[in-house]
Each structure stands twice: as structure tokens, then as C-alpha cells.
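Numbers here simply count residues along the sequence, with the first being 1.
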Amino acid sequence: MTHRDEFADRHEIHDLMLRYCSAIDRADYAAVLAVYAHDGIDRHTGFEGGAAGFVAWLRERTAVFDGTMHLVGNHRAELFGDHAFAETYGTAVHWGAPADDETRNFTSGFRYLDHLRRDPEGWRIVERTAVREWTRSDAGRLRAPESPGPRGARGPADPLEACREKVRRAAGIRSDGVPDNQATEEES
């Protein structure tokens, strides 16, 4: 493996971790499932099983929150050909109503321990162990925003898609990923 290939693999694995966190926070469960291999499994606090079952459990479990924010920090990957081991540190903030409910307002420190595999679709999680290091209650600590402005939302109402679409239009790319000039030629 060349240094360039190793750098690309490490970058793709790190991007996979970021896509997973963003997908959970936006309640995009299809995107969560897409980071797992077809035979992927997950071990989280309260769940152990296949990736599809995990996503179903996650959808139900996170429905009680008004929002979540998964932040990743330290990340390292060890490459073994088409397999890799990754350890990713993170913090996950959860909030919901009522604001004084400790089960809906807490922050956790965690580590993801991942066995990854390069599949035809790219790097995917084969087996994840989510190690909960600590949990802190944030009950009664959430306060209203100090002034009007954009707010995050779970699902398609989040400002993310509108911002992404503006960049696509500025770059001359349609929503379906086809360049505007190519679409015109193909449609003629």
C-alpha cells in the first residue's frame, strides 16, 4: 500500500465516523444504516445485534429527544489491508422536554471501537462496540436561545439541506448530483 492509499483510507474511515454522527443528529436513519456493512453488528448501552435492528432501536430510542449532538475528538485507525481497527472518542449531548428530566437531558462520553472492512461501496463498519465512559445529567440546565436565528432540527427541516442546496446551485450542480450543463446536453 502506498502512502497516498493509506492517507485516503484513513480519511475515508474518519469521514465515515463523521457521517454516522451527523446522520444520528439529523435523524437520517437510512444514512446511519449506510455506514454499516451488510453483515454489520452493533453493541451500544441497551442494544446488541445487527445493524438494521440497531437502526430500528435507535429510531425509537432517539424519538424522545428534541435534539442530539455527537462530537468526535481523538480518532485513530490501524489498517490491515481491507480490514481496519478504529478507536474514536466522543461526547454526545442529548436534550428534550421536560427540561428537568434526567433521562432526556444528559451528556455522555464514549469511545467507538470499530472493526471496519473495505466493501465494494467503500469502508463500512462490520462490528461496533460503543463504550460508555461516563454520563452527566444536564437536567434543568438548558436555556432558551438569547435571540432569534437559525435553529437545528432533527430531520429534513434542519438548515443543512438548504445550505447544501445553495452550494450545489453555486457550483452548477442539480439536486440529483448532475452538473447543470451535462443535464442540458443529456435532456436534449
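Across all their heavy atoms, D100 and A139 have their closest contact at O-CB, 3.4 Å. The minimum heavy-atom distance linking L116 with V126 is given by the pair C-CG2, 4.1 Å. Closest of all the heavy-atom pairs between G122 and E12 is CA-OE2, 3.3 Å. In plain terms, the two heavy atoms of D119 and A37 that are nearest each other are OD2-CB, 3.5 Å. Counting all heavy atoms, side chain and backbone alike, G46 lies closest to W57 at O-NE1, 3.6 Å. Residue G152 comes nearest to P159 through the heavy atom pair CA-CD, 4.3 Å, listed as atom of the first residue, atom of the second, then distance.
Although no hydrogens or angles enter the test, the distance criterion places no donor-acceptor pair under 3.5 Å between the side chain of N105 and the main chain of S137. Without hydrogens or angle criteria, T62 side chain to L58 main chain gives a donor-acceptor distance under 3.5 Å. Between the side chain of R124 and the backbone N or O of A34, at least one donor-acceptor pair lies under 3.5 Å.
For the residue pair D138/W95, the side-chain donor-acceptor check at 3.5 Å is not satisfied. With no hydrogens or angles considered, a side-chain donor-acceptor pair links T68 and R154 at under 3.5 Å. No side-chain N or O of R76 forms a donor-acceptor pair with one of T88 less than 3.5 Å apart.
In this structure, the side chains of R104 and H94 stay at 4.5 Å or more apart for every pair of heavy atoms. Taking 4.5 Å as the limit, some side-chain heavy atom of L79 sits within range of a side-chain heavy atom of E6. Using a 4.5 Å cut-off on side-chain heavy atoms (C-beta onward), F110 and V131 make no contact.
For E121, the CD atom sits in a packed shell: over 12 heavy atoms of surrounding residues, nucleotides or ligands are nearer than 6.0 Å. Within a 6.0 Å radius of CD in E102, no more than 12 heavy atoms belonging to other residues, nucleotides or ligands are found.
Less than 6.0 angstrom separates the ring centroid of H44 from the ring centroid of F54. In this structure, Y20 has its ring center under 6.0 Å from that of Y112.
In this structure H75 satisfies the ring-ring contact (aromatic ring centres under 6.0 Å, His included) test together with H14, sequence neighbours excluded.
Here I173 contributes atom CD1 and E165 contributes atom CD; the two are 10.5 Å apart, rounded to the nearest 0.5 Å.
Using cut-offs of 30° and 60° on the angle between ring planes, the pair H83 and H115 is tilted.
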Test log, rule side-chain hydrogen bond (donor to acceptor under 3.5 Å, both in side chains), inputs S108 and R136: CA-CA 6 Å; S108 293; R136 173 189 70 214; over 6 Å; no

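For R26 and D158, the salt-bridge test passes: some basic side-chain N is under 4.0 Å from an acidic carboxylate O. For D39 and R117, the salt-bridge test passes: some basic side-chain N is under 4.0 Å from an acidic carboxylate O.
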